[in-house]
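Okay, structure first, notes after.
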Protein chains: 2
Amino acid sequence: MKKPIPRISDTEWEVMRAVWSRHPATAGEIADRLAQADPSWHPKTARTLLGRLVEKGALAYDVDGRIFLYRPLVTEQECIASASDSFLDRVFGGALKPMLAHFVERESLSPEEVRELEQILARRKNRR
Amino acid sequence: MKKPIPRISDTEWEVMRAVWSRHPATAGEIADRLAQADPSWHPKTARTLLGRLVEKGALAYDVDGRIFLYRPLVTEQECIASASDSFLDRVFGGALKPMLAHFVERESLSPEEVRELEQILARRKNRR
DNA sequence: GTTCTTGGATTACGGCTGTAAGTGTGGGCT
DNA sequence: AGCCCACACTTACAGCCGTAATCCAAGAAC
């Protein structure tokens with residue numbers, strides 16, 4: 001009985017992150033957060049995307065006077081899981097291990113991160 | 001001096017995989033491979049996508065008589081790296097470790113796979 | 001109260017996607 | 001020689017995306 005997670009596009013992800021970071025929030029607040037992270041964000045664009053995300057069922061709003069307060073209908077975890085699945089499928093044909101191997105081989109992991117990952121793996125083994 | 005990797009859509013990935021798996025190949029062969037993996041593939045659709053991938057610079061063809069032999073212009077590794085970057089950015093805001101942690105936590109890794117990953121990590125440490 | 005501002009609603013528009021159908025032509029089969 | 005078929009080429013079309021501009025109504029400012 002799992003709810004379907006709507007497909008979130010690239011720029012919509014940015015909007016969602018802005019909402020997840022603190023909510024409920026007005027369109028203006030959200031537009032501000034986005035512009036702060038990247039000044040090229042136009043408020044109109046933000047509003048358009050908020051509308052689309054509501055249509056898609058990713059957000060909802062409560063009306064407070066003439067102001068809309070947006071809140072997420074899906075959690076970041078759910079969206080991450082869903083996007084991860086589709087990425088895994090698309091790029092690695094669903095094979096998890098090759099995917100992880102690919103990322104581990106990238107040169108951008110610091111030695112500490114490697115150690116932390118080893119710990120995560122170790123914990124996972126114990127946890128059954 | 002890195003060549004730009006074209007953006008490959010979901011279904012285009014399936015086509016690319018079919019080409020990478022054995023090439024050069026005719027449109028007919030590629031359509032067959034796709035249909036074999038998933039019978040809902042229509043040959044016309046495959047041909048359309050081949051054309052689009054050529055436009056995008058992901059494939060090229062050599063003409064042999066009246067038949068086109070398609071071959072990749074980008075390697076699977078390059079495409080994987082490029083798609084991985086964009087996924088990492090979009091979904092995890094570019095943070096590699098949380099991303100790996102997320103996937104390791106998924107329940108779908110078998111114990112052997114966990115061991116293999118540990119080995120990959122270990123090798124990576126030694127390798128400098 | 002009249003104008004200015006602010007925020008939501010509607011409209012725009014070109015490019016990308018998924019999914020094919022139509023068209024024309026050169027060979028192969030008869 | 002004539003017909004059919006396989007291909008490549010062209011066209012189709014709706015839905016999603018990025019990126020806004022325009023329109024309209026209700027409050028804010030004067």
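Below, chains carry the letters A, B, ... as their sequence lines are ordered, and counting in each starts from 1.
Under a 4.0 Å N-O distance rule, the pair B:Asp85/A:Arg106 qualifies as a salt bridge. A salt bridge is defined here as a Lys NZ or Arg NE, NH1 or NH2 lying under 4.0 Å from an Asp or Glu carboxylate O, and B:Lys125 with A:Glu118 meets this definition. Using a 4.0 Å cut-off between a side-chain N of Lys or Arg and a carboxylate O of Asp or Glu, A:Asp38 and A:Arg33 do not qualify as a salt bridge. A salt bridge is defined here as a Lys NZ or Arg NE, NH1 or NH2 lying under 4.0 Å from an Asp or Glu carboxylate O, and A:Glu116 with B:Lys97 meets this definition.
Residues A:Pro43 and A:Ala31 come closest through the heavy atom pair CA-CB, 4.2 Å.
Nearer to the 5' terminus of DNA chain D, by closest-nucleotide assignment, is the contact made by B:Leu69 (compared with the other of A:Lys56 and B:Leu69). Of the two residues near DNA chain C, A:Tyr70 and B:Thr11, the one whose nearest nucleotide lies more 5' is A:Tyr70.
Residues passing the side-chain contact (heavy atoms from CB on, under 4.5 Å) test with B:Arg52 are B:Glu12, B:Thr48, B:Leu49, sequence neighbours excluded. Remark: B:Tyr61 pairs with B:Phe68, B:Tyr70 by the ring pair (Phe, Tyr, Trp, His ring centres under 6.0 Å) rule, at least two apart or across chains.
Across residues 40-55 of chain B, B:Lys44, B:Arg47, B:Arg52 each have a non-hydrogen atom less than 4.0 Å from an atom of DNA chain D (numbered order). Annotation: proximity of residues 19-35 of chain A to DNA chain D (heavy atom, distance under 4.0 Å) is found for no residue.
Within the structure, every pair that satisfies the ring-ring contact (aromatic ring centres under 6.0 Å, His included) test and touches residues 5-60 of chain B, not counting sequence neighbours, is listed here: B:Trp13-B:Trp20.
When DNA chain D is scanned in the 5' to 3' direction for atoms under 4.0 Å from non-hydrogen atoms of chain A, the outermost contacting nucleotides are D:dC17 to D:dG27.
Between B:Phe92 and B:His102, the ring-plane angle classifies as tilted under the 30° and 60° cut-offs.
Distance A:Asp10 CG to C:dT17 C1': 14 Å, rounded to the nearest Å. Taking atom CH2 on B:Trp13 and atom P on C:dT17, their separation rounds to 13 Å, with Å as the unit.
When atom types are taken as modelled, the side chain of A:Glu29 and the backbone of A:Thr26 share a donor-acceptor pair closer than 3.5 angstrom.
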